[in-house]
Structures are given as C-alpha cells and as structure tokens.
Amino acid sequence: MADTERTFVMVKPDGVQRGLIGDVVSRFEDRGLKLVGGKFMQIDQELAEDHYGEHEDKPFFDDLVDFITSGPVFAMVLEGQDAVSQVRTMMGETDPAESAPGTIRGDYGLDLGRNVIHGSDDEDPGANEREISLFFDDDELVDWDQIDETWLYE
Ligand code: DAT
Ligand code: MG
C-alpha cells in the first residue's frame with residue numbers, strides 16, 4: 001500500500017470571495033481525503049513572504065504576496081494515501097487556462113494570477129511538512145478515525 005501523507009491546501013482569496021470554499025472542500029471529502037486541520041484566516045505580509053519564499057526572485061513575487069494577503073483564505077491539512085500528489089492532480093496545472101476540465105483550476109479559473117487554490121508541491125520533498133508547520137501548530141491538527149476508512153482502503 002502507498003504511503004499515508006498529509007498535505008497543505010488553501011482556498012485562495014479569489015476562491016473565498018467567489019464562495020467556492022464549500023465546493024473545493026467537498027471535492028476532497030468526496031475523494032476520500034480526510035480533513036485533519038482547517039482554519040479561516042487572513043495571511044499577513046511575513047507569512048506570505050515565508051510561504052512563497054521559493055519564488056522571491058521571480059518577477060511576479062510582489063503581485064503574488066499582494067494577492068495572497070488581499071483577503072481571507074481557507075487553509076487546511078488533508079490526509080490520505082499519496083495525498084500530496086493526489087491533491088496536485090485534482091488541482092490541475094498552475095495556469096487554469098491549461099488545466100483540464102474536471103480539475104479544480106480547470107473548472108473554476110481562467111487566469112494564472114487567480115487560480116483559486118494552493119496545494120503543496122509534489123516535486124519538492126518536505127514542502128508539505130514545511131507548509132503545514134508554517135500555518136498550523138501541532139495542537140491544531142486532529143488525529144481521528146473516519147467511519148468510511150475501512151471501505152476506502154483495502
Ligand atoms: P503552484 O501554485 O501550481 O504550485 P507555483 O508554486 O509555481 O505554482 O507558483 C505559485 C503561484 O505563483 C501560482 O499559483 C501562481 C503564481 N505564478 C506562478 N507562475 C507565475 C507566472 N509566470 N506569472 C505570474 N504568476 C505566477
Ligand atoms: Mg507551488
């Protein structure tokens with residue numbers, strides 16, 4: 001069996017303003033991913049710069065920080081088999097215009113700078129753990145058994 005993992009996921013300010021929190025969370029619940037942390041919050045400048053630190057030399061960095069601090073976000077931690085890459089697959093490509101219908105960005109977005117959702121990078125080992133600890137204290141994450149787990153996994 002593949003590894004059980006946790007990944008950091010966030011509905012960005014555009015998704016919150018457009019009333020998409022419920023739809024996005026529903027997709028993950030329907031897939032069988034388990035919510036182990038959730039927080040409706042406003043990201044400040046320092047957290048934004050830390051979170052997107054890998055992009056600090058990119059020309060779009062300032063716009064990215066301005067955007068992610070422009071309104072509330074819904075941050076969450078999801079757990080499941082291969083959760084990091086499964087979430088990335090469900091998100092689609094970075095650019096919604098190149099994302100297939102059926103993916104979150106392919107169904108809800110059109111523009112690179114308004115791509116609705118963040119999910120930890122599946123090609124950067126440890127990105128999930130780093131982002132989870134940036135946004136959540138240990139005591140904000142809940143270990144729990146979901147009733148459908150015996151029917152979800154062999
Ligand atoms: P992802 O969000 O798919 O992990 P990323 O980590 O490469 O993508 O970039 C972080 C965010 O920065 C992305 O969601 C949107 C924005 N972004 C990425 N590339 C960009 C570009 N070339 N121009 C403008 N914004 C960009
Ligand atoms: Mg990324």
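Just so we're clear, the structure is a prediction, and the values are computed from it rather than from any experiment. One-based numbering, in listed order, for ligands and for the atoms of each.
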> Should the pair R130-D124 be classified as a salt bridge under the 4.0 Å nitrogen-to-oxygen rule?
Replying inline: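 The answer is yes: the pair qualifies as a salt bridge.
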
>> Any heavy atom of L112 closer to ligand 1 than 4.0 angstrom?
In response: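 Yes.
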
>> I need the atoms of ligand 1 closer than 4.0 Å to a non-hydrogen atom of K12, numbered in the order shown.
In response: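 Those qualifying, in numeric order: 14 (O).
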
> Considering only heavy atoms of N115, which atoms of ligand 1 have at least one such atom less than 4.0 Å away?
Replying inline: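 Counting atoms of ligand 1 from 1, those under 4.0 Å from N115 are 13 (C), 14 (O), 15 (C).
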
> Where's the contact between R114 and ligand 1, heavy-atom distance under 4.0 Å: side chain, backbone, both or neither?
Replying inline: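 No part of R114 comes within reach of ligand 1.
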
>> With a heavy-atom distance limit of 4.0 Å, tell me whether T94 approaches ligand 1 through its side chain, its backbone, both, or neither.
In response: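 Within the 4.0 Å criterion, T94 contacts ligand 1 through backbone and side-chain atoms alike.
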
> Does the cation-pi check pass for K39 over F74, that is, NZ or CZ under 6.0 Å from the six-membered ring centre and within 45° of its axis?
Replying inline: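 Judged by the rule, K39 and F74 form no cation-pi pair.
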
>> For Y52 and F61, I'd like to know if the aromatic rings sit close, meaning centre-to-centre distance below 6.0 Å.
In response: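 Between F61 and Y52, which both carry aromatic rings, the centre distance is not below 6.0 Å.
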
> Looking only at distance, does H118 have an N or O less than 3.5 Å from an N or O of ligand 1?
Replying inline: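 No.
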
> Do T4 and Q81 get their side chains close enough for a donor-acceptor pair, meaning under 3.5 Å?
Replying inline: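 Per modelled atom types, T4 and Q81 side chains form no pair under 3.5 Å.
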
> Which residue from F60, F67, F61 reaches closest to atom 17 (N) of ligand 1 through any of its heavy atoms?
Replying inline: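 Selected option, by shortest heavy-atom distance: F60.
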
>> Given M91, E54, H51, R105, identify the one with the heavy atom nearest to atom 2 (O) of ligand 1.
In response: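 It is R105 that holds the nearest heavy atom.
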
> Between V73 and V11, does a side chain to side chain contact (heavy atoms under 4.5 Å, CB included) hold up when you go through it step by step?
Replying inline: CA-CA 6 Å; V73 301; V11 181; over 6 Å; no

